[in-house]
Amino acid sequence: MKVLHLDAGPDWRGGQQQVLYLAQGLKATPVNQQLVVRAGGKLATRLQATELSSSCLPFRSEWDPVSLFRLFQILRNFRPEIVHAHDARTLGLAVILKGIGGKFRLVASRRVAFPIRRNPLWKMKYQQSPARIVAVSQFIRESLIKDGINPAKITVIYDGIELPSLPGPESRFSARRIVGVAEQEFLIGNIGHLTREKGHEVLVRGFKQVLVREPKAKLLIVGDGPLRDLLRRLVKELGLETNVLLPGPIADLGSILPAMDLFVYPSLEEGLGSVLLMAMAYRVPVCASQTGGIPELVIDGITGRLFAPGDPGALAVVVASSLAMPAQMQEYADKAFTRVTQQFQVQRMVSATFDLYARLLNQ
């Protein structure tokens, strides 16, 4: 079985992590695979430290003639039976190449929560060309059906996470030293790309209200993105400079997760929220917004707490009440860890994807 993976993401986000997990997991299967990723992107950098076969293209757009021509050459030389486009940009290029005679079966991954954009290529991209669309949640599946996609073409395969070694007390001490937080301070954490849909402004405004109840609390927001300067201005405007930490991106997230007393994820739109899996795998209690695919991970009152999206007051109420019941929140975290272990390990995702490839080739 020959598989070509395509990903045009420039940053290191949940999608790129899942591509790397998948490709590494497929090495243990009878798959001959290659990856084509964005030149200069974070995934390209990480692939250099692996034995995976990869090449880079500019992927300036889904109409980029340079990428189209070079991808045509890669297809002609490698002759994959399956092309798996992991984002919309590479899906557009793959659709064009399939339309001019490509013999491969096309698989498209869909991670984002917003509706399909109705550009001139959308019907070919999502209705006609793909043999199958992989949705990362039931929410994404239902959204695709509402957009007119045949349900028979959609397969739900949840993201996976590699389970870490359980951190001990020394890990917490080391992690807190890295982020500069004292042992007696309550640390609320968040990890994500700093974009509007991730809801960081809601988080900062809600945290301002939480401080009334817990004046020693600190908020750690890890990540980078176009809203970083806006968040810095908002933190200053609200007088939170001593309570909100914005260190930028941290490559080894496992080095800081043990420092957190509570992980808060305030997304306004979310296909699934794979970073939640990481927090749950580290047994960090979780509060998240009730939107998109998040409730498929965080079951309110069982594996965490949920609050209304876009509402700083609702976030503050749930976070403040969570601070008041640490034993209950740790019980939720333990149940979340068990659920991740049973349903969201990387090998489960890899096996489901390999099985999908095999079924497509046997049709």
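A chain of hydrophobic side-chain contacts below 4.5 Å, direct or via other Ile, Leu, Val, Met, Phe, Trp or Tyr residues, connects V181 to I250. Using a 4.5 Å cut-off between side-chain heavy atoms of Ile, Leu, Val, Met, Phe, Trp and Tyr, with links allowed through other members, M329 and I188 fall into the same hydrophobic cluster. Under the 4.5 Å side-chain heavy-atom criterion for grouping Ile, Leu, Val, Met, Phe, Trp and Tyr, F307 is not connected to I191 through any hydrophobic cluster. Clustering ILVMFWY residues whenever any of their side-chain heavy atoms sit less than 4.5 angstrom apart, transitively, puts I149 in the very cluster that holds V156. W63 and V95 fall within a single hydrophobic cluster, where Ile, Leu, Val, Met, Phe, Trp and Tyr side chains are chained together by heavy-atom contacts under 4.5 Å.
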Would you give me the side-chain donor-acceptor pairs under 3.5 Å for residues 273-290, sequence neighbours excluded?
| unit_1 | atom_1 | unit_2 | atom_2 | d |
| --- | --- | --- | --- | --- |
| R283 | NH1 | D334 | OD1 | 3.3 |
| S289 | OG | S267 | N | 3.2 |
| S289 | OG | S267 | O | 2.5 |

Please tabulate, for side-chain N and O atoms in residues 214-240, each donor-acceptor pair with protein atoms closer than 3.5 Å (sequence neighbours left out).
| unit_1 | atom_1 | unit_2 | atom_2 | d |
| --- | --- | --- | --- | --- |
| K218 | NZ | E185 | OE2 | 3.2 |
| R228 | NH2 | L246 | O | 3.4 |
| R232 | NH2 | L246 | O | 3.2 |

For residues 37-48, dump all side-chain donor-acceptor pairs below 3.5 Å to protein atoms at least two apart in sequence or in another chain.
| unit_1 | atom_1 | unit_2 | atom_2 | d |
| --- | --- | --- | --- | --- |
| R38 | NH1 | A8 | O | 3.3 |
| T45 | OG1 | G41 | O | 3.4 |

**OP:** Test R105 against E81 for side chain to side chain contact (heavy atoms under 4.5 Å, CB included), laying out the working first.
**Re:** CA-CA 6 Å; R105 308 302 297 274; E81 297 165 276; over 6 Å; no

Subject >> Q345/T341 under side chain to side chain donor-acceptor pair (under 3.5 Å): CA gap, chis, key distance, verdict >> reply: CA-CA 6 Å; Q345 287 203 53; T341 300; 5.1 Å; no

**OP:** Show your reasoning for whether salt bridge (Lys or Arg N to Asp or Glu O under 4.0 Å) applies to K146 and E142.
**Re:** CA-CA 6 Å; K146 288 178 183 177; E142 295 303 318; over 6 Å; no

Original post:
For L6 and L71, what are the C-alpha separation, side-chain angles and deciding distance, and is it a side chain to side chain contact (heavy atoms under 4.5 Å, CB included)?
Top reply: CA-CA 10 Å; L6 309 176; L71 187 55; 3.8 Å; yes

Original post:
After noting the C-alpha distance and the side-chain angles of V31 and F354, does the key distance pass the side chain to side chain contact (heavy atoms under 4.5 Å, CB included) rule?
Top reply: CA-CA 9 Å; V31 169; F354 175 79; 3.7 Å; yes

**OP:** Test salt bridge (Lys or Arg N to Asp or Glu O under 4.0 Å) on R111 and E269 and set out the steps.
**Re:** CA-CA 11 Å; R111 308 185 56 83; E269 303 170 347; over 6 Å; no

Original post:
Do V3 and Y357 pass the side chain to side chain contact (heavy atoms under 4.5 Å, CB included) test, and can you show the C-alpha distance, the side-chain angles, and the key distance before you say yes or no?
Top reply: CA-CA 9 Å; V3 177; Y357 293 163; 3.9 Å; yes

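Taking both residues in full, the closest heavy atoms of Q34 and F78 are given as NE2-CD1, 3.0 Å, listed atom of the first, atom of the second, then distance. Here the shortest heavy-atom pairing between L163 and F337 reads CD2-CE1, 4.3 Å. Pairing each heavy atom of A88 with each of E62, the nearest pair is O-OE1, 3.6 Å. Across every non-hydrogen atom of P151 and R141, the tightest pair is CB-NH2, 3.7 Å. When all heavy atoms are compared, the tightest approach of Q127 to K153 is O-NZ, 2.6 Å. Between A94 and V83 the shortest heavy-atom distance is CB-CG1, 4.3 Å.
A ring pair (Phe, Tyr, Trp, His ring centres under 6.0 Å) check over residues 165-200, counting only residues at least two apart or in different chains, returns nothing. The stretch residues 202-255 participates, sequence neighbours left out, in no ring pair (Phe, Tyr, Trp, His ring centres under 6.0 Å) pair at all. Pairs of residues two or more places apart, or lying in two chains, never qualify as salt bridge (charged side-chain N to carboxylate O under 4.0 Å, His left out) while including a residue from residues 14-32. Applying the ring pair (Phe, Tyr, Trp, His ring centres under 6.0 Å) rule to pairs touching residues 109-164 yields Y158-F344, sequence neighbours excluded. Counting only residues at least two apart or in different chains, side-chain hydrogen bond (donor to acceptor under 3.5 Å, both in side chains) contacts with residues 64-79 comprise D64-S67.
Here K335 pairs with E331 in a salt bridge; the nearest charged N to carboxylate O distance falls below 4.0 Å.
Evaluation of the side chain to side chain donor-acceptor pair (under 3.5 Å) rule for S143 yields no partner, not counting sequence neighbours. Checked against side chain to side chain donor-acceptor pair (under 3.5 Å), S321 has the following partners two or more places apart in sequence or in another chain: R305. With sequence neighbours excluded, the residues forming a ring pair (Phe, Tyr, Trp, His ring centres under 6.0 Å) with H86 are H5, H84, listed by chain and number. Legend: residues meeting side chain to side chain donor-acceptor pair (under 3.5 Å) with D261, ordered by chain and number and at least two apart, are R172, R176.
Atom CG of N190 is separated from atom CE of M260 by 7.5 Å, given to the nearest 0.5 angstrom. Between atom CG of residue L91 and atom CE of residue M124 there is a gap of 10.0 Å, rounded to the nearest 0.5 Å. Within the model, atoms NZ of K198 and CG of L203 stand 13.0 Å from one another, a figure rounded to the nearest 0.5 Å. Here I157 contributes atom CD1 and I133 contributes atom CD1; the two are 12.5 Å apart, rounded to the nearest 0.5 Å. Considering CD of Q343 and CD of E296, their distance stands at 10.5 Å, rounded to 0.5 Å. Atoms CG and CG, on L361 and L356 in that order, are 9.5 Å from each other to the nearest 0.5 Å.
With no hydrogens or angles considered, a side-chain donor-acceptor pair links Y265 and E270 at under 3.5 Å. Side-chain contact check for D7 and Q16: at least one donor-acceptor pair (N or O, by modelled atom type) lies under 3.5 Å. Residues Q342 and T338 bring no donor and acceptor atom of their side chains to less than 3.5 Å of each other.
Contact annotation: the side chain of L306 never approaches that of V318 to less than 4.5 Å [non-hydrogen atoms, C-beta and beyond]. Within the 4.5 Å cutoff, no side-chain heavy atoms of S322 are placed close to those of V319.
Checking I161, L297, T303 one by one against V340, the side chain to side chain contact (heavy atoms under 4.5 Å, CB included) holds for a single residue, I161. For the pairing with L26, the side chain to side chain contact (heavy atoms under 4.5 Å, CB included) check across N32, T353, L52, V350 returns one residue only, V350.
In this structure a side-chain-to-backbone donor-acceptor pair under 3.5 Å is missing from S174 to E170. Using a distance-only test at 3.5 Å, with no hydrogens or angles considered, a donor-acceptor pair links the side chain of S255 to the main chain of D252.
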